[in-house]
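One structure below.
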Amino acid sequence: MLVSKKWRQLISSPEFIQIHLKRSNQRTDGTRILVADPITITDCDNSPAAALPFSGKRFYYPAMKPPSPGKIIAYPSEFSGRCPVILGSCDGLICLYDEGNRKFAVFNPSTRKYDLGLADKFRWLCLSTYASWFGRHPCTGEYVLVIGSQLQGSHVDIRVYALKTHKSRNSRSIINQKKHGRSYRYSDPVGSLLHGALHWAVCTLPFDRNQLLFESEHLIVAYDFRKNEIVEIPPPGEFRFTLGVMDECLFVIFSNADKVFELWSMREYGVKESWTKYANIKGFVSVRLLVPLGFCSNGDELIVDADKKKVEKYSFIKKKSTLLKNHRCDQEFKSISYVDSLVPPEIIYE
């Protein structure tokens, strides 16, 4: 009993937690994928895993390697029972939003612990056009939640919430959406952080749905934390795309006119002419959109979400993919990457 208490004190110490987190981030196979759908939440863990249904307010995810029958974990009892919205992940923590009860939870899938909060600040959130991000503020290091949405059909509003105080900061977009006639639809609502700015792949839409003469445009929208402003970055082509970060560079994935997916990297940030083709991604003929979830095996493999129907791991060397999770329901799922950690959810208040 004494030994057990000492071990508990050791692994619960802030020093041990940070060392464990650092090593998880350094692992070449450390990317884990959480898949949420109306039936299950599954931890793919880079290896094929079978999901089991649940009844009531529960979700399932397999244990760590090797694959096992897994464990059933209860939702927060205050949740409505709907499939939660994933707003982002950081340090092994996942931020979930329950639209039904207007509550959010910061959840650690590795320790199965969560911290629940009232999302009273998110009542204006429009889930059809929202953008989000959860992580450490690049200027202060504190945990923040970023939510962006179109308000009253006039402009896009981005707000940064300091979770330790749960108060909204004065962090509105400086773009006058009504003046520019801009409205965004996000290919993937969860942003990617690079150089102190969040980035989303978007398609511009008219504010007035009855507007006939409007030509949509595919862009990268970036929110700069330091300057508190939004800028638009041109992609390499006029195709619908998704984006991510690789080797401190933005990259995009899009399907070309021949229905072949291409991965392009922006070698010099913000410079359109620096876009460089990295590779083709083959074998996804009937897929419309590939959302990158993370790299593994020293960058030789890429995990992707294909049309929110299945998760696959693509090998650039073998030029083929391996199925990790296949969705068998009619509804779409949401997936996100995270790392194994011992970070307690209540750390967001420190």
Side-chain angles (χ1 to χ4, degrees), residues 125-133 146-159 172-195 197-225 227-246 249-278 280-281 284 287-292 304-308:
L125 178 64
C126 176
L127 292 180
S128 62
T129 59
Y130 83 97
S132 67
W133 184 80
V146 179
I147 298 291
S149 183
Q150 178 182 330
L151 296 182
Q152 301 174 351
S154 59
H155 62 280
V156 169
D157 191 304
I158 291 183
R159 298 186 182 185
R172 296 172 63 89
S173 166
I174 66 169
I175 291 181
N176 187 328
Q177 290 292 332
K178 185 176 183 180
K179 178 180 178 181
H180 290 280
R182 295 285 199 183
S183 178
Y184 299 135
R185 174 182 291 140
Y186 302 87
S187 297
D188 181 21
V190 180
S192 299
L193 181 67
L194 178 66
H195 301 322
L198 294 177
H199 302 79
W200 293 274
V202 304
C203 175
T204 58
L205 299 172
F207 283 121
D208 185 359
R209 295 182 179 180
N210 297 321
Q211 183 178 348
L212 298 178
L213 299 177
F214 179 83
E215 186 175 350
S216 63
E217 187 177 3
H218 296 279
L219 296 167
I220 297 174
V221 171
Y223 171 74
D224 192 310
F225 280 96
K227 298 179 180 179
N228 191 30
E229 67 178 14
I230 286 181
V231 297
E232 296 179 348
I233 301 174
E238 262 303 311
F239 297 97
R240 187 185 179 192
F241 64 92
T242 57
L243 65 81
V245 175
M246 172 181 64
C249 293
L250 289 176
F251 72 88
V252 300
I253 299 176
F254 61 87
S255 178
N256 60 27
D258 296 325
K259 305 298 182 182
V260 176
F261 281 95
E262 300 181 10
L263 190 154
W264 287 63
S265 175
M266 179 177 261
R267 308 311 298 174
E268 186 176 351
Y269 184 76
V271 179
K272 182 178 181 180
E273 292 74 20
S274 70
W275 282 111
T276 304
K277 185 176 180 179
Y278 179 80
N280 286 334
I281 302 178
F284 296 91
V287 175
R288 294 171 298 173
L289 207 63
L290 290 179
V291 176
V304 294
D305 179 332
D307 284 343
K308 298 182 180 180

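The analysis underlying the following values was restricted to heavy atoms, covering all of them including side chains, and did not include hydrogens, waters or symmetry mates. Sequential numbering from 1 along the given sequence is applied to the chain's residues.
For Ser187, the side chain to side chain contact (heavy atoms under 4.5 Å, CB included) partners are Ala201, Arg240, Thr242, Leu289, not counting sequence neighbours. Scored by the side chain to side chain contact (heavy atoms under 4.5 Å, CB included) test, Thr276 finds Arg267 as partners (sequence neighbours excluded). For Asn280, the side chain to side chain donor-acceptor pair (under 3.5 Å) criterion is met by Lys277, not counting sequence neighbours. For His199, the side chain to side chain donor-acceptor pair (under 3.5 Å) partners two or more places apart in sequence, or in a different chain, are Tyr269.
Closest of all the heavy-atom pairs between Met266 and Ile233 is CE-CG2, 3.7 Å. Between Asp224 and Lys227, the shortest heavy-atom contact is OD1-N, 3.1 Å. Heavy atoms only, all atoms of each residue included: Trp200 and Ser132 are closest at NE1-O, 3.6 Å. Closest approach of Ile220 to Trp275, counting heavy atoms only: CD1-CZ2, 3.8 Å. Here the shortest heavy-atom pairing between Glu268 and Ser274 reads O-OG, 2.9 Å.
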Give the intermediate values and the outcome of side-chain contact (heavy atoms from CB on, under 4.5 Å) for residues Val221 and Tyr186.
CA-CA 10 Å; Val221 171; Tyr186 302 87; 5.6 Å; no
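Two residues are said to be in side-chain contact when any heavy atoms from C-beta on lie closer than 4.5 Å; Leu193 and Val245 fail this criterion. Contact of the Trp133 side chain with the Tyr223 side chain is not registered, since no non-hydrogen atoms from C-beta on lie closer than 4.5 Å.
Phe261 contributes atom CZ, which lies 11.5 Å from atom CZ of Phe239 (distance to the nearest 0.5 angstrom). For the atom pair CG of Leu243 and CG of Leu263, the computed distance is 11.0 Å after rounding to the nearest 0.5 Å. Note that the CG atom of Asp188 and the CZ atom of Phe241 stand 11.5 Å from one another [nearest 0.5 Å].
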Side-chain donor/acceptor pairs under 3.5 Å, residues 249-258, sequence neighbours excluded:
{"from": "Asn256", "atom 1": "OD1", "to": "Asp258", "atom 2": "N", "distance (Å)": "2.9"}
{"from": "Asn256", "atom 1": "OD1", "to": "Lys259", "atom 2": "N", "distance (Å)": "3.2"}
{"from": "Asn256", "atom 1": "OD1", "to": "Val260", "atom 2": "N", "distance (Å)": "3.0"}
{"from": "Asn256", "atom 1": "ND2", "to": "Val260", "atom 2": "O", "distance (Å)": "3.4"}
{"from": "Asn256", "atom 1": "ND2", "to": "Glu262", "atom 2": "OE2", "distance (Å)": "2.6"}

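Using modelled atom types, one side-chain atom of Thr204 and one backbone atom of Glu217 make a donor-acceptor pair closer than 3.5 Å. A distance-only check finds no donor-acceptor pair linking the side chain of Asp305 to the backbone of Val291 [under 3.5 Å].
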